[in-house]
Amino acid sequence: ESISSDTELLFKLPEEYDATPTNADTICDVICRWAELQPDAPAFISENKAPLTYGALAELIRDFRQTINESGFGRGDRFAIVHPGGADMAAALFGIVGCATAVPLNPRNTAKEFQDQLHDRRVQAVIIQKNLQSPVRDVAKQLDLPVFDLVTDDEGLTGMVRLLAPLHQKPVRPEPSGADDIAYVLATSGTTSSGRVVPLRHRHLMARSQVSADLFGLTPDDRCINL
């Protein structure tokens with residue numbers, strides 16, 4: 001599933017960035033470090049909206065972690081996210097993987113597909129765009145999974161979203177994600193059989209990002225579009 005449509009996603013490593021574990025273990029570490037270096041630099045850009053800066057994205061990641069932790073979840077817990085895509089979903093994914101594991105699901109799934117995928121991917125909570133009509137709400141209720149609504153906090157700002165927590169419990173595992181934590185649980189297309197579930201750890205994301213930056217010769221002045 002695509003996480004963005006008609007939206008420029010800027011992922012730029014600072015010029016001073018050193019890809020060693022002592023410098024940054026996760027993609028969110030890179031974002032937060034870039035926010036310290038140049039907080040007003042744009043991270044997400046879309047038409048007819050103000051850009052979301054690295055400073056604002058880092059704050060969003062911290063806000064997500066607080067909401068997730070105060071709902072009784074933390075590192076290692078898996079959150080399905082059901083959303084039609086765009087900058088809101090992309091920002092939400094960073095918010096989730098900053099302290100837990102994101103499991104993107106196709107919003108066009110049937111109730112049976114949601115049921116199978118939530119079970120097979122060992123999901124513990126569901127995040128869904130507020131007011132999105134989807135059978136996943138009923139399926140989550142049947143499976144006794146809490147549902148978090150994802151709301152747009154500022155219609156004039158690209159990707160500015162927040163979570164509405166359905167419950168409040170004692171924080172557990174409140175620390176940020178680490179290099180060996182699973183960031184995403186994805187699935188292959190399954191064109192010839194049922195798709196395989198593929199966990200992607202933060203260290204894999206770091207390596208892939210560095211390889212991509214080197215391969216395409218990306219600099220802090222470049223913009224990458226994801227359709």
Side-chain angles (χ1 to χ4, degrees), residues 1-5 7 9-11 24-31 43-44 57 60-61 64-65 68 73-129 132 134-136 139-140 143 145 147-148 150 159 161 163 176-213 215-216 224-227:
E1 296 103 23
S2 173
I3 65 170
S4 175
S5 59
T7 301
L9 305 184
L10 283 68
F11 185 78
D25 287 340
T26 71
I27 293 297
C28 292
D29 289 342
V30 176
I31 292 172
F44 292 88
L57 181 56
L60 182 150
I61 291 171
F64 265 62
R65 189 173 79 198
I68 287 172
F73 295 97
R75 287 177 67 178
D77 291 327
R78 297 186 177 188
F79 282 76
I81 179 167
V82 180
H83 195 284
D88 284 1
M89 180 175 178
L93 286 171
F94 281 126
I96 296 167
V97 303
C99 66
T101 299
V103 186
L105 299 181
N106 190 334
R108 296 183 294 274
N109 279 349
T110 64
K112 179 64 165 59
E113 288 171 328
F114 277 126
Q115 185 173 37
D116 291 344
Q117 292 172 13
L118 291 172
H119 177 269
D120 293 344
R121 298 171 199 184
R122 303 196 299 278
V123 168
Q124 289 149 288
V126 175
I127 295 173
I128 183 171
Q129 182 188 32
L132 179 67
S134 170
V136 73
V139 173
L143 298 176
L145 299 176
V147 175
F148 293 68
L150 183 69
V161 293
L163 285 180
S177 297
D180 288 320
D181 289 329
I182 296 173
Y184 298 103
V185 175
L186 307 175
T188 58
S189 61
T191 54
T192 58
S193 63
S194 59
R196 293 189 304 110
V197 175
V198 181
L200 191 62
R201 298 184 187 278
H202 280 276
R203 55 184 167 83
H204 299 147
L205 284 176
M206 291 288 287
R208 289 177 59 174
S209 297
Q210 188 64 63
V211 168
S212 295
L215 178 64
F216 295 108
C224 302
I225 187 167
N226 191 351
L227 299 177

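Model, not experiment: these values are computed from the prediction.
- With sequence neighbours excluded, no residue forms a side-chain contact (heavy atoms from CB on, under 4.5 Å) with Ala207.
- Of all heavy-atom pairs between Arg75 and Ser177, the closest is NE-CA, 4.1 Å.
- Listed here is the closest heavy atom pair of Gly95 and Leu60: CA-CD2, 4.2 Å.
- Taking the side chain as every heavy atom from C-beta outward, Thr101 and Asp181 never approach each other to under 4.5 Å.
- Between Val82 and Leu132 there is a side-chain heavy-atom pair separated by less than 4.5 Å.
- Annotation: side-chain hydrogen bond (donor to acceptor under 3.5 Å, both in side chains) contacts of Gln124 (sequence neighbours excluded): Asp77.
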* Just do the side-chain contact (heavy atoms from CB on, under 4.5 Å) check on Val126 and Phe148 with the steps written out, would you? => CA-CA 6 Å; Val126 175; Phe148 293 68; over 6 Å; no
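- Note that CD of Glu113 is 7.5 Å distant from CG of Asn106, once rounded to the nearest 0.5 Å.
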* Go through the steps for Asp88 and Gln129 under the test side-chain hydrogen bond (donor to acceptor under 3.5 Å, both in side chains), then give the verdict. => CA-CA 9 Å; Asp88 284 1; Gln129 182 188 32; 5.4 Å; no
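- Proximity of Phe114 to Ser134: side-chain heavy atoms (C-beta onward) are separated by under 4.5 Å at one or more points.
- His83 and Leu150 get closest at one heavy-atom pair: CD2-CD2, 3.6 Å.
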* After noting the C-alpha distance and the side-chain angles of Val198 and Val185, does the key distance pass the side-chain contact (heavy atoms from CB on, under 4.5 Å) rule? -> CA-CA 6 Å; Val198 181; Val185 175; over 6 Å; no
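- Note that SG of Cys28 and CG of Leu93 are 10.0 Å apart. Values are rounded to the nearest 0.5 Å.
- Taking Arg122 as the reference, Arg78 meet the side-chain contact (heavy atoms from CB on, under 4.5 Å) condition, with sequence neighbours excluded.
- Rounding to the nearest 0.5 angstrom, the gap separating the CD1 atom in Ile68 from the CD1 atom in Ile96 is 6.0 Å.
- With a 4.5 Å cut-off on side-chain heavy atoms, Asp25 and His202 do not count as touching.
- Summarising the geometry of Leu205 relative to Ala183, their closest heavy-atom pair is CD1-CB, 3.6 Å, with the distance given to 0.1 Å.
- Evaluation of the side-chain hydrogen bond (donor to acceptor under 3.5 Å, both in side chains) rule for Asp180 yields Arg203 as partners, not counting sequence neighbours.
- In terms of heavy-atom proximity, Val139 sits nearest to Ala111 at CG2-O, 3.6 Å.
- Between Leu118 and Val136 the shortest side-chain heavy-atom distance falls below 4.5 Å.
- Residues Met89 and Pro104 are in side-chain contact: their nearest non-hydrogen atoms beyond the backbone lie under 4.5 Å apart.
- To the nearest 0.5 Å, atom CD of residue Gln115 and atom OG1 of residue Thr110 are 9.5 Å apart.
- In this structure His204 satisfies the side-chain contact (heavy atoms from CB on, under 4.5 Å) test together with Leu200, Arg201, sequence neighbours excluded.
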* Asked: Could you go step by step and tell me if Arg121 and Leu105 meet the side-chain contact (heavy atoms from CB on, under 4.5 Å) rule?
  -> CA-CA 10 Å; Arg121 298 171 199 184; Leu105 299 181; 3.4 Å; yes
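- Residues Met206 and Val30 have side chains in contact (heavy-atom distance under 4.5 Å, counting atoms from C-beta outward).
- Annotation: side chain of Ile31 is in contact with side chain of Ile61 (closest heavy-atom distance under 4.5 Å).
- Minimum interatomic distance between Ile27 and Ser209 (heavy atoms only, all atoms of both residues): CD1-OG, 3.5 Å.
- With sequence neighbours left out, Pro199 forms a side-chain contact (heavy atoms from CB on, under 4.5 Å) with Ile182.
- Ring centers of Phe79 and Phe73: under 6.0 Å apart, within the cut-off.
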